[in-house]
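Okay, structure first, notes after.
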2 protein chains.
Amino acid sequence: MSLIGTKWKPLILFHLLNGGVRSGVLQKKIPGISNKMFTQTVRELEKDGLVIRKIFPVVPPKVEYKLSERGFSLEGILRSLDSWGLEDSKH
Amino acid sequence: MSLIGTKWKPLILFHLLNGGVRSGVLQKKIPGISNKMFTQTVRELEKDGLVIRKIFPVVPPKVEYKLSERGFSLEGILRSLDSWGLEDSKH
DNA sequence: TAACTATAGTACTTTTTTGTAAGTTATTGC
DNA sequence: GCAATAACTTACAAAAAAGTACTATAGTTA
């Protein structure tokens with residue numbers, strides 16, 4: 001479960017289903033996440049092989065995240081979770 | 001995510017897919033869970049409306065857990081998670 | 001040259017989860 | 001009457017997760 005069984009991972013993965021996004025943009029899509037947790041989480045997802053991190057050597061930094069193939073294999077689950085309403089409902 | 005985004009919930013739900021089980025039996029199917037976490041988790045699942053708790057007024061106590069209809073609606077997700085190998089893999 | 005930018009790292013604290021060990025219960029078998 | 005039973009419950013301690021605030025980077029632009 002560690003792959004998606006955390007507070008933020010599924011949410012981040014879900015937002016990446018539509019394609020790669022710049023770091024800052026992605027983070028803004030996740031209200032309530034702290035800077036630290038965001039970085040930490042995407043980095044873990046990268047280690048898990050679910051997302052790919054692309055760095056552009058420019059200043060100020062530019063980094064894009066996108067799903068890996070493995071990440072996309074979760075699409076069904078992610079969409080199920082979403083439509084099941086897990087992100088919102090109680091608790 | 002709180003509904004299944006925890007260490008034990010998905011596992012417990014998964015084991016209930018085959019039908020109702022007695023408390024002690026269910027617990028033994030989940031190696032590594034402490035007594036406290038087991039009780040706590042099934043009780044939360046009950047509050048979430050995903051499992052039904054049936055008490056038999058006997059001594060020593062007898063309690064059975066089974067999935068509610070709502071719980072069964074997670075079947076697809078649970079099986080996907082399982083076949084995706086989330087229970088095991090890294091970390 | 002000083003401020004600004006986007007991304008991330010780090011130290012430290014607080015909060016949340018989880019584990020451990022010890023009760024509690026009411027009946028039955030000895 | 002006393003231990004054994006199944007399913008908890010509780011208090012306390014330990015561990016893990018998350019939050020906060022601050023720092024670094026190095027080109028660009030005012």
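Both backbone and side-chain heavy atoms feed into the values below; hydrogens, waters and symmetry mates do not. Just so we're on the same page: letters track the sequence lines, and every chain starts at 1.
Nearest-nucleotide assignment on DNA chain D puts the 5′-proximal partner with Val25(B), out of Gln40(A) and Val25(B). Where Val59(A) and Phe38(A) meet DNA chain C, the nucleotide closest to each residue was compared, and Val59(A) sits on the side nearer the 5' end.
Between the P atom of dA18(D) and the CD1 atom of Ile12(A) lies a distance of 11 Å, rounded to the nearest Å. In this structure, the CD1 atom of Ile33(A) is 12 Å from the P atom of dT20(D), given to the nearest Å. As rounded to whole Å, 15 Å separates atom C1' of dA11(D) from atom CG of Asn35(B). Atom-to-atom, NZ of Lys28(A) to P of dT5(C) comes out at 11 Å; the value is rounded to the nearest Å. One can place CH2 of Trp8(A) at 12 Å from C1' of dA17(D), the figure rounded to the nearest angstrom. A straight line from CZ of Phe56(A) to P of dT5(C) spans 21 Å, rounded to a whole angstrom. As rounded to whole Å, 15 Å separates atom P of dA7(D) from atom NZ of Lys54(B). Taking atom NZ of Lys36(B) as the reference point, atom P of dT24(C) lies 19 Å away to the nearest angstrom.
Considering only heavy atoms from C-beta on, Trp84(A) comes within 4.5 Å of Arg70(B) through its side chain. Contact of the Phe72(B) side chain with the Glu69(B) side chain is not registered, since no non-hydrogen atoms from C-beta on lie closer than 4.5 Å. The closest side-chain heavy-atom distance from Glu46(A) to Val42(A) is not below 4.5 Å. With a 4.5 Å cut-off on side-chain heavy atoms, Tyr65(B) and Arg22(B) do not count as touching.
Considering only side-chain N and O atoms, Arg22(B) lies under 4.0 angstrom from the phosphate OP1 or OP2 of dA7(D). Contact between the side-chain N/O atoms of Arg43(B) and the OP1/OP2 oxygens of dA7(D) is not found at any separation under 4.0 Å. Note on Ser23(B): a side-chain N or O is less than 4.0 Å away from OP1 or OP2 of dC8(D). Not one side-chain nitrogen or oxygen of Arg53(B) sits closer than 4.0 Å to the OP1 or OP2 atom of dA7(D).
Counting only heavy atoms from C-beta on, Val63(B) has its side chain closest to dC8(D) among dT5(D), dC8(D), dT10(C). Among dT9(D), dA6(C), dA18(D), the nucleotide with an atom closest to any side-chain atom of Met37(A) is dA18(D). The listed nucleotides are dT7(C), dG19(C), dT9(D); the one nearest the side chain of Thr39(B) is dT9(D).
Looking at heavy-atom distances under 4.0 Å, Tyr65(B) makes contact with sugar-phosphate atoms alone, never a base.
Atom NZ of residue Lys66(B) and atom NZ of residue Lys54(B) lie 6.0 Å apart, to the nearest 0.5 angstrom.
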